[in-house]
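Heads up, the thing below is written out as structure tokens.
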Amino acid sequence: MAARILQQQDFAVEAAVISFSPAHRRAVEAAQKAAAELSIPLAVLHCEELFDKAVVSAFCATYAAGRTPNPCVVCNPLVKFKVLADEADRRGIRYIASGHYARTELKNGVHHIAVAASAARDQSYMLYRLPPEIRGRLCLPVGEFEKPAVRHMAEDMGLSCADAPDSQEICFIPDGDHAAFIAARGVASLPGRFLSPEGRDLGPHGGVAHYTVGQRKGLGIALGQPVFVKEILAGGDIRLGYAGEEYAAGVVLQDIVTAGGAPLATGEEYLVKIRSAAAPSPCKVRVESGQTSLLFQLPLRAAAPGQHAVLYCDGLVMGGGAIHSSF
RNA sequence: UGGCCCGUCGACAAGUGGUAAGUCACAUGACUUUGACUCAUGCAUUCGUAGGUUCGAAUCCUGCCGGGCCAA
């Protein structure tokens, strides 16, 4: 659909689909079909090796260490848009487009990622780490529309992607069982024990890769009321908490990037999202002895180390970083 | 060995003669380009067991099995 919209705007469109892993065969075939319907030349770019190294390995290692990776956030700058940009360069093409629900905006000489017109569909979170040289040549045509409108447009044009399912889990783990995937790769995840909210030993858990902060299901712990993963300790033990105890007042950030390149400074106020599908929530920056923290105005649920906090201002992505820890 | 309690879904637990609540856990589905959260639906033809009383028992009676407490 993104390609079709650009065609209507008189862009000369060339298409590429990236084959990230063996699990992507169907996606590649769907792209080939769509390209044929639009009579657009389509190249299949292979980057299985890079993807495996930059995304999949890091994903497994992060989980095995008791943190919660976000592969999409990592993939976009390091693999997906990098590969597209390289291919565009080879062909002498200036602009790069994708079907993400987000927008771009030039403000004060800085190219920002901006939230989509359809707030409920917004995917700007996943794009927050794109470097300026990518942001400056990015076109995100579907970000201007509501999802249903895009679907209707596709239907009207008789495109086969009109009824394509749009929800997926981790793209390289089709069955959704990431713990099994990690184990199958031979990556060992830290063993440990469940600790009740009162500190009681509740027995061994299945390996740290099975759990993430805020998780309720799959613990197999029956205490008469719901319990959640509150913290995964460095040694591998998992501290549980009752409902409400999995909220954080703030987070410590690492690997910070900003749209303009200037570091975050104490006192700055932003709206923050700690997951893609979240309502932006006010926070304040604090920099102290080289450590940058975000203080949430309201406690936020399940701020898992390894996930990312993305900062917004007036609908523009201002920066963000990985969550090192919460407090 | 006497005396007294108790035994209901994987866990906890209502129910004390009228035909098995609820919570947690679990399963499936929805939602979702990360992990989660959330929501919907499902989940004991049966109440330790064997008999008895009764129109009717998880509920009353008896034996046995299992667990606990007290006494010597």
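Note that this is a predicted model, so its numbers are computed, not measured.
Contact annotation: side chain of A:Gln307 to base of B:rU34, donor-acceptor pair present below 3.5 Å.
The partner of B:rG2, taking Watson-Crick or G-U wobble pairs whose two distances both stay under 3.5 Å, is B:rC70. Base pairing of B:rU54: no nucleotide in any strand meets the Watson-Crick or G-U wobble criterion (both distances under 3.5 Å). Judged by Watson-Crick or G-U wobble contacts below 3.5 Å, the nucleotide B:rC43 has no partner. B:rA36 is unpaired under the Watson-Crick or G-U wobble criterion, no partner having all donor-acceptor distances under 3.5 Å. With both pairing distances under 3.5 Å, B:rG7 is matched to B:rC65 as a Watson-Crick or G-U wobble pair. In this structure, B:rU59 makes no Watson-Crick or G-U wobble pair, since no nucleotide meets both defining distances under 3.5 angstrom.
Comparing A:Val227 and A:Ile274 along RNA chain B, the residue whose closest nucleotide (by nearest heavy atom) sits nearer the 5' end is A:Val227. Residues A:His210 and A:Gln123 both approach RNA chain B. Their nearest nucleotides, taken by heavy-atom distance, put A:Gln123 toward the 5′ side.
The nearest whole Å value for the distance from the CZ atom in A:Phe194 to the P atom in B:rA25 is 12 Å. A:Lys217 places its NZ atom 9 Å from the C1' atom of B:rA27, with the value rounded to the nearest Å. Rounding to whole angstrom units, CD of residue A:Glu169 and P of B:rU32 are separated by 12 Å. A:Ile232 has its CD1 atom 10 Å from the C1' atom of B:rG35, to the nearest Å. In this structure, the CZ atom of A:Phe228 is 15 Å from the C1' atom of B:rG35, given to the nearest Å. With rounding to whole Å, A:Tyr242 atom OH is found 13 Å from B:rC12 atom C1'. Atom CD of A:Gln225 is separated from atom P of B:rA13 by 15 Å (rounded to the nearest Å). Atom CG in A:Asp175 sits roughly 20 Å away from atom P in B:rU32 (whole-Å rounding).
As judged by a 4.0 angstrom heavy-atom cut-off over every strand, A:Val213 is placed among the base-contacting residues. A:Gly306 comes within 4.0 angstrom of no nucleic acid atom, judged by non-hydrogen atoms across all strands. At the heavy-atom level, A:Cys171 lies nowhere under 4.0 Å from the strands shown. Contacts of A:Ala304 with the nucleic acid, taken as non-hydrogen atoms under 4.0 Å apart, include base atoms. Residue A:Pro69 is in base contact, counting any heavy-atom pair closer than 4.0 Å across all strands shown. The residue A:Phe59 sits apart from the nucleic acid: no heavy atom pair falls under 4.0 Å. Across all strands, A:Tyr211 comes closer than 4.0 Å to no nucleic acid atom at all (heavy-atom distances). At the heavy-atom level, A:His178 lies under 4.0 Å from the strands shown only through sugar-phosphate atoms.
Between B:rC4 and B:rA13, the two P atoms lie 25 Å apart (nearest whole Å). Taking atom P on both nucleotides, B:rC9 is separated from B:rU45 by 11 Å, rounded to a whole Å. B:rG29 and B:rG35 are spaced 16 Å apart, taking the P atom of each and rounding to whole Å. Rounded to the nearest Å, the gap between the C1' atom of B:rG52 and that of B:rA20 is 23 Å. As rounded to the nearest Å, B:rA71 and B:rU8 have C1' atoms that lie 31 Å from one another. For the C1' atoms, the distance linking B:rU49 with B:rG66 amounts to 10 Å, nearest Å. Distance noted for atom C1' between B:rG18 and B:rC12: 27 Å (whole Å). Of the C1' atoms belonging to B:rG42 and B:rG51, the separation is 37 Å, rounded to the nearest Å.
Comparing B:rU34, B:rU32, B:rA25 by their nearest atom to the side chain of A:Arg121 picks out B:rU32. With B:rA36, B:rG35, B:rA25 as the candidates, the nucleotide lying closest to the side chain of A:Thr68 is B:rG35. Nearest nucleotide to the A:Thr212 side chain, out of B:rU38, B:rC26, B:rA36: B:rA36. Residue A:Met126 has its side chain nearest to B:rU34 when only B:rA25, B:rU34, B:rG35 are considered.
Residue A:Arg67 places no side-chain N or O under 4.0 Å from the OP1 or OP2 atom of B:rG35. Under 4.0 angstrom from either OP1 or OP2 of B:rC24 there lies at least one side-chain N or O belonging to A:Arg216.
For A:Arg275 (side chain) and A:Ala302 (main-chain N/O), a donor-acceptor pair under 3.5 Å exists by modelled atom type.
The stretch residues 202-211 of chain A participates, sequence neighbours left out, in no side chain to side chain donor-acceptor pair (under 3.5 Å) pair at all.
Considering all non-hydrogen atoms of both residues, A:Lys230 and A:Val213 come closest at O-CG1, 3.8 Å.
Ring centroid separation for the pair A:His308 and A:Tyr125 does not come in under the 6.0 Å cut-off. Between A:Phe172 and A:Phe59, a ring centre-to-centre spacing shorter than 6.0 Å is recorded.
The side-chain heavy atoms of A:Lys33 and A:Glu29, taken from C-beta on, include no pair separated by under 4.5 Å.
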Worksheet item: A:Glu268 and A:Tyr270: side chain to side chain donor-acceptor pair (under 3.5 Å), yes or no, with the steps?
Response: CA-CA 7 Å; A:Glu268 290 177 348; A:Tyr270 294 103; 2.9 Å; yes
Worksheet entry | Chi angles and distances behind the side-chain contact (heavy atoms from CB on, under 4.5 Å) call for A:Ser293, A:Val252 | CA-CA 4 Å; A:Ser293 304; A:Val252 177; 3.8 Å; yes
